[in-house]
Amino acid sequence: MLRSVILAASRSSRVERLVATAPFSRDVVRRFVAGAKTDDALRATRELVDDGLAVTLDHLGEDTVTPDQASATRDEYLTLLRMLADAGLTPAAEVSVKLSALGQAFDEQLACDNARAICAAADAAGTTVTLDMEDHTTTDSTLDILAKLRKDFPSTGAVLQAYLRRTESDCRELASAGSRVRLCKGAYKEPESVAHQSAREVDKSYVRCLNILMSGDGYPMLATHDPRLIAIGEDRARWFDRGPDGFEFQMLYGIRPEEQARLVGEGYTVRTYVPYGDDWYGYLMRRLAERPANLAFFGRALASRK
Ligand SMILES: Cc1cc2nc3c(=O)[nH]c(=O)nc-3n(C[C@H](O)[C@H](O)[C@H](O)COP(=O)(O)OP(=O)(O)OC[C@H]3O[C@@H](n4cnc5c(N)ncnc54)[C@H](O)[C@@H]3O)c2cc1C
């Protein structure tokens with residue numbers, strides 16, 4: 001019910017105008033999105049890098065349904081990577097890319113070609129790309145495209161979602177030398193047939209996957225704000241003797257900044273995921289709609305900076 005209401009609101013230009021002008025929304029947006037323009041992304045990146053954080057930048061895109069839209073997204077990433085390199089912000093900053101924004105829903109080959117162009121630009125800029133993971137219907141296609149890209153750009157990163165039942169097996173496949181894998185809980189509403197439904201089962205799966213990645217030969221990227229999972233990550237880092245070059249923590253822009261700073265102070269590599277772009281309304285509303293529990297997530301973040 002709540003989900004339907006939020007989704008309906010996300011498609012209403014009237015509600016968008018209301019939300020966009022409400023003081024509460026402006027605070028939320030400023031907190032979670034770096035800004036609308038490439039310059040805003042660069043400014044936020046500079047501030048984070050100056051504070052000792054690494055960064056991954058996500059250009060917010062909505063409903064890519066034409067090749068022209070996909071090309072525009074690709075070109076924005078090419079511009080961004082050039083500007084990051086010119087500003088001396090690579091390799092500290094890399095980019096996160098959604099294949100759906102590059103045309104995956106209507107032309108997989110086009111999405112792969114666009115992603116390849118972004119990987120080449122990242123390589124030229126001295127940095128890397130991570131392919132975000134979307135809903136489970138895209139997992140096979142995304143991992144296929146990842147395998148193709150990694151032939152030419154071996155440091156291209158994957159994202160695996162602990163809530164999916166298949167993910168332990170995917171972790172085993174990808175825990176090989178040179179393989180960068182971001183492990184997150186997963187943000188989409190998925191059916192019981194493919195995904196663990198309870199928070200407890202998702203957390204247990206996260207720990208099993210974390211153990212596989214941390215004991216493997218690849219480069220784990222532990223994306224979570226969950227204090228218990230962060231503590232387990234720290235414990236496994238000691239156990240498997242992984243230093244700041246051997247794995248990293250990742251968190252979203254505006255969420256638990258003090259915890260991000262604490263981990264940097266402890267000597268860990270911490271990467272902040274920074275979304276930017278005009279389409280912030282859809283981004284925020286979709287995050288809430290995908291999982292109504294995220295309402296509490298955003299609420300907590302507004303209430304506390306801890
Ligand atoms: C860098 C990054 C990249 C991501 N990429 C993807 C992706 O490609 N695909 C995808 O599906 N999902 C992605 N996600 C989203 C992810 O799947 C989760 O939906 C999201 O991170 C929330 O899960 P959590 O692990 O933080 O745990 P939650 O269960 O949301 O939170 C766990 C606990 O963390 C603490 N906490 C959380 N927020 C706060 C706060 N503001 N203040 C105080 N305590 C807090 C609380 O104790 C809470 O109980 C990504 C997340 C990150 C951080």
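When a ligand or atom number is given, it counts from 1 through the structure's own listing order.
- Using a 4.5 Å cut-off on side-chain heavy atoms (C-beta onward), Asp58 and Tyr273 make contact.
- Residue Ala223 has at least one heavy-atom neighbour below 4.0 Å for each of these atoms of ligand 1: 1 (C), 2 (C), 52 (C), 53 (C).
- Taking only nitrogen or oxygen atoms, main chain and side chain alike, Gln161 reaches within less than 3.5 Å of ligand 1.
- For Phe247, the ring-ring contact (aromatic ring centres under 6.0 Å, His included) partners are Phe249, Tyr268, not counting sequence neighbours.
- Looking at ligand 1, you'll find an N or O of Met133 within less than 3.5 Å of one of its N or O atoms.
- Heavy-atom contacts of Leu252 reach the following atoms of ligand 1: 2 (C), 51 (C), 52 (C), 53 (C) (cutoff under 4.0 Å).
- By the 4.0 Å N-to-carboxylate-O rule, Arg166 lies close enough to Asp140 to be salt-bridged with it.
- If you look at Met251 next to ligand 1, the close heavy atoms, those under 4.0 Å, all belong to the backbone.
- Atoms of ligand 1 lying under 4.0 Å from any heavy atom of Gln250, numbered from 1 in the order shown and given with element: 1 (C), 53 (C).
- Looking at Tyr163 next to ligand 1, no N or O pair under 3.5 Å apart turns up.
- Heavy-atom contacts of Pro227 reach the following atoms of ligand 1: 33 (C), 34 (O), 35 (C), 47 (O) (cutoff under 4.0 Å).
- For Glu173, the CD atom sits in a loose shell: 12 or fewer heavy atoms of surrounding residues, nucleotides or ligands are nearer than 6.0 Å.
- Counting heavy atoms closer than 4.0 Å to ligand 1, residue Ile255 contributes side-chain atoms (C-beta onward) but none from N, CA, C or O.
- Below 3.5 Å of separation, one finds no N or O of Tyr188 facing any N or O of ligand 1.
- The closest non-hydrogen atom to atom 50 (C) of ligand 1, taken over Cys184, Ser96, Ala162, comes from Cys184.
- Checked against salt bridge (Lys or Arg N to Asp or Glu O under 4.0 Å), Asp107 has no partners two or more places apart in sequence or in another chain.
- Ring centroids of His59 and Tyr276 are separated by less than 6.0 Å, placing the two rings close together.
- Looking at Asn114, its side chain does come within 3.5 Å of a backbone N or O of Leu102 through a donor-acceptor pair.
- The option from Asp132, Thr224, Leu164, Leu183 that lies nearest to atom 24 (P) of ligand 1, judged by heavy atoms, is Thr224.
- Residue contact annotation: Arg182 has a non-hydrogen atom under 4.0 Å from ligand 1.
- For CG of Asp50, the number of neighbouring non-hydrogen atoms (other residues, nucleotides, ligands) closer than 6.0 Å is greater than 12.
- The pair Asp113-Arg74 fails the salt-bridge criterion, with no side-chain N (NZ, NE, NH1 or NH2) lying under 4.0 Å from an Asp/Glu carboxylate O.
- Residue Gly186 has at least one nitrogen or oxygen atom sitting less than 3.5 Å from a nitrogen or oxygen atom of ligand 1, judged on distance alone.
- Of all the heavy atoms of Val159, the ones lying under 4.0 Å from any atom of ligand 1 belong exclusively to the side chain.
- Taking a 6.0 Å sphere around CZ of Arg228, one finds it holds 12 or fewer heavy atoms contributed by other residues, nucleotides or ligands.
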